Amino acid sequence: MPGLDYLIIAPHPDDAELGAGGTILLLKAQGASVGVLDLTSGEPTPYGSPEIRRSETAAATALLGLDWRGNLGLPNRSLAADLESRARVAGAIRELRPRVLLAPYWEDAHPDHVAASALVDAARFWAKLTKTDLPGPPHYPQRILYYFSVHLRLHPKPSFVLDVTPFLERKMAVLACYHSQFIAGRPTQPPTLLDDLRDRARYWGWAIGVPYGEPFVCREEIGLRSLRDLA
Ligand SMILES: [Zn+2]
């Protein structure tokens, strides 16, 4: 399989959609190849089951139009940035060969999210090693962009905000696929959880003078080839 342009690595099915759903839709509309690697099943949750989560994820994957989606089956709730998990993630990076990685932001209340962020950092480096028993040839994604699917009420300072206005409605439809996570057992009076998520996209859009946006942080510098696309 030829390398992916973008690989979003997520602790749980739904985190890629929460933090980068609009971005995925934008990238697909621009002709990029995009994959999502979920690290765990995300179960147990109060209203989910493994079967429910699988069918919700399949529905979201279809709406996103992903080129690839996989699940490493690492332990939910006790995800650890250990050597065994690092090798699994590095192996996936070598097989999928993404140009750019998207990872969860490193500061979070959920230990799985903190571990996932650290795992992606370490696995990116391991993926380029020679003389290992990892599968496939060495590969080093040129950037990691950190997305926000965060259980802390953070007010982050993003490196950039992507205008996802044309894709916001579809992102909301993608999120609604995860009924067991975002709708079941949640308040039904406005603002609902989905209202909150839309409002946050509106806030980041406001920050760059467009209707809706998704923020990202990059530890390394962002290079531009043109100023044409500044929002
Ligand atoms: Zn999560």
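Keep in mind that the numbers below use all heavy atoms, side chains included, and drop hydrogens, waters and symmetry copies. Whatever order the structure lists them in is the order used to number ligands and atoms, beginning at 1. Keep in mind the model is a prediction, meaning the values are calculated, not measured.
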So, [X] and the Zn ion (ligand 1): N/O/S under 2.8 Å, yes or no?
{"X": "His12", "value": "yes"}
{"X": "His151", "value": "no"}
{"X": "Asp112", "value": "no"}

Under a 4.0 Å N-O cut-off, is there an ion pair linking Arg69 with Asp38? yes
Within the distance-only criterion (no hydrogens, no angle test), does the side chain of Arg88 pair as donor or acceptor with the backbone N or O of Leu72 below 3.5 angstrom? yes
Check for me whether the distance between the ring centres of Tyr147 and Phe216 falls short of 6.0 Å. no
The Zn ion (ligand 1) to Asp15: nearest N/O/S atom name: OD2
Pairing donors with acceptors under 3.5 angstrom, does anything connect the side chains of Tyr146 and Arg219? yes
